[in-house]
Asker: 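Take this structure, written in structure tokens, and hold onto it; I'll ask about it next.
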Amino acid sequence: MDPVNQRVIVLGGGVIGLCSAYYALQRGMAVTLIERELPGGDNCSMGNAGMIVPSHFIPLAAPGMIAKGLRWMFNPESPFYIRPRLDPALARWAWLFYRHSNAKHVEKTRELLRDLNLESRRLFAELAQEEEFGLAKRGMLMLCKTAKGLDEEAAVAAAAREIGLEAEVLDAAASARLDPSITMSLAGSVHFPQDCHLDPARFLASLRRRVLALGAEIASGVEIDTLDIQNGKVRALLSKGRRFEGGHFVIAGGSWSPSLLRQAGLKLPLQAGKGYSLTLENPPELPSLCSIFVEAKVAITPMAQSLRFAGTMEVGGLDLSIDPARVRGIVKSVRDYFPRFSETDFKGVKPWSGLRPVSPDGIPYLGPVPHLPNLIAATGHAMMGLSLGPVSGRLVADLLAGEPSFRSIEQMAAGRFS
Ligand SMILES: Cc1cc2nc3c(=O)[nH]c(=O)nc-3n(C[C@H](O)[C@H](O)[C@H](O)COP(=O)(O)OP(=O)(O)OC[C@H]3O[C@@H](n4cnc5c(N)ncnc54)[C@H](O)[C@@H]3O)c2cc1C
């Protein structure tokens, strides 16, 4: 066969694109990875909280989210905000989000999210055996400041156990015993022992090395503007006249995917959800487990000797600018849970921002684009793109090879809202 017809062209050098390239190469396919940033450049996959989360089996679109979201809308320091604007794509996304925020949807999707996260965790462990990238399999703590928060999380723990996940409710003293390296002010916590954490930039660097070693071509600093589609097939991706021809194409462009997929006739409901992270190089204390402040919605992850705080979901378009009020909201919450910390610890720390690609039903898009079987969409991972990176890459490779995947992924169909 003509080698061009065998080549896989992957757009996007974030965790989803890199994992897709890696598992395709593992199957012996020729791969070109296209990324508009230069090597080591930034994207949502670099500065996130680095958590691998079987605990996140409840999608973002869940009961209570709408009421909570509306309350948060009027507080400039709150962890959630939708910037109101006249945009039909945003209106459609918000309507679909509203339609899915119910218990029936959670019940229909929780086993899929569980299976994807557990399979991905297994693949992370497999990858770590070949090259170390700091995978810490110590579990995660949901830290509750209030009794109400703890009651809500205890209900989540019970639901987790119902579907076979491990979860244990702890009072304040038991939480402190589990991680004595950090002073906490809490009502209690829930421990999810199957969760893990890592430094995402280190993991991405390791993936880059692996794909290069397996023979991938990486086109860095190349921004794709056009899909060349002829006779029901994608022929090439184009960048200012440069052509990247192949037999199969994967769009893993994160929050920027919808504009490219529109050229393929797919109106993908997807919004960018901006989040921030702040990394303390010399924190006053260093926990050994990663955790989430439940009421404040802030994630905390130890990465070697540093400590990262991440939070906020701001649905406001493709805008990476920093809103100081929301960053202040993150910083102010820290002392409430970790009393040995103060706001001055964050003086001079530069906030990082990233855009999560958020689908309205909390399920990623992974599958062929309707009527274009050689074009695969792999995006919409929202708050769990790092966690679901390896399993997504593996699923993309299964599709490329025409082989069955480890479970049905019909619910992830790219055209499910068409
Ligand atoms: C504050 C914060 C904390 C988070 N914490 C976690 C966590 O703990 N665990 C977890 O699992 N997830 C977490 N996430 C979510 C996770 O970071 C994302 O889901 C994930 O990074 C998405 O990966 P991606 O590859 O789809 O997108 P990206 O990382 O954005 O990569 C897409 C790439 O495509 C490239 N691209 C786009 N368009 C083009 C084009 N036309 N031509 C060439 N290149 C193009 C972009 O430059 C970019 O590099 C967090 C996110 C944030 C913001």
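Every number for a ligand or one of its atoms is a count from 1 in the order of the listing.
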Asker: Do Ser78 and Arg326 have a side chain donor and acceptor closer than 3.5 Å?
Answerer: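 Yes - a donor-acceptor pair under 3.5 Å links their side chains.
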Asker: Please work out, at 4.0 Å between heavy atoms, whether the side chain, the backbone, both, or neither of Ser277 comes within that distance of ligand 1.
Answerer: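 Looking at Ser277 and ligand 1, no heavy atom falls under 4.0 Å.
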Asker: With side chains defined as the heavy atoms from C-beta onward, is the minimum distance between Phe309 and Val334 less than 4.5 Å?
Answerer: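 When only atoms from C-beta onward are counted, Val334 and Phe309 do touch, with a gap below 4.5 Å.
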Asker: What I want to check is whether the side chains of Ser418 and Lys267 have a donor and an acceptor closer together than 3.5 Å.
Answerer: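 Side-chain D/A pair, Ser418 to Lys267: absent.
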Asker: Using a strict 4.0 Å threshold on nitrogen-to-oxygen distance, state whether Lys240 and Glu223 make a salt bridge.
Answerer: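 Answer for the salt bridge query: no.
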Asker: How would you list all residue pairs meeting salt bridge (Lys or Arg N to Asp or Glu O under 4.0 Å) that involve residues 46-63, not counting sequence neighbours?
Answerer: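 Sorted result for residues 46-63: empty, none.
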Asker: List ligand 1 atoms under 4.0 Å from Ala252, heavy atoms only on the residue side.
Answerer: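 That gives atoms 32 (C), 34 (O) of ligand 1.
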Asker: For ligand 1, which part of Leu388 has a heavy atom less than 4.0 Å away: the side chain, the backbone, both, or neither?
Answerer: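 Within the 4.0 Å criterion, Leu388 makes no contact with ligand 1.
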Asker: So, using salt bridge (Lys or Arg N to Asp or Glu O under 4.0 Å) as the criterion, who are the partners of Glu281 when residues are at least two apart?
Answerer: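 None.
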Asker: As a check for students: among Thr226, Ile16, Leu11, identify the option with a heavy atom nearest to atom 24 (P) of ligand 1.
Answerer: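 Going through Thr226, Ile16, Leu11 one by one, Ile16 has the nearest heavy atom to atom 24 (P) of ligand 1.
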Asker: Under 4.0 Å, counting heavy atoms only: does Ala299 come that close to any atom of ligand 1?
Answerer: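 No, that is not the case, since the closest heavy atom of the residue is not under 4.0 Å from the ligand.
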Asker: Would you check the N or O atoms of Pro357, main chain and side chain alike, for any that come under 3.5 Å of an N or O of ligand 1?
Answerer: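 Not met; the criterion fails.
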Asker: Heavy atoms only, cut-off 4.0 Å: how does Met46 contact ligand 1, side chain, backbone, both, or neither?
Answerer: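 For Met46, no heavy atom sits under 4.0 Å from ligand 1.
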Asker: Give a yes/no on ligand 1: does Thr301 have at least one heavy atom closer than 4.0 angstrom to it?
Answerer: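 Judged by the 4.0 Å heavy-atom criterion, Thr301 does not count as contacting ligand 1.
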Asker: Considering distance alone, does some N or O of Ala382 sit under 3.5 Å from an N or O of ligand 1?
Answerer: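 Yes; the residue has a nitrogen or oxygen that sits under 3.5 Å from a nitrogen or oxygen of the ligand.
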Asker: Below 4.0 Å, non-hydrogen atoms only: which portion of Arg356 touches ligand 1? Side chain, backbone, both or neither.
Answerer: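 Just the side chain.
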Asker: Without hydrogens or angle criteria, can the side chains of Ser206 and Arg202 be said to hold a donor-acceptor pair below 3.5 Å?
Answerer: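 Their side chains do not contain a donor-acceptor pair, so the 3.5 Å distance test is not met.
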Asker: Does Gly50 have a non-hydrogen atom less than 4.0 Å from ligand 1?
Answerer: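 A heavy atom of Gly50 does come that close to ligand 1.
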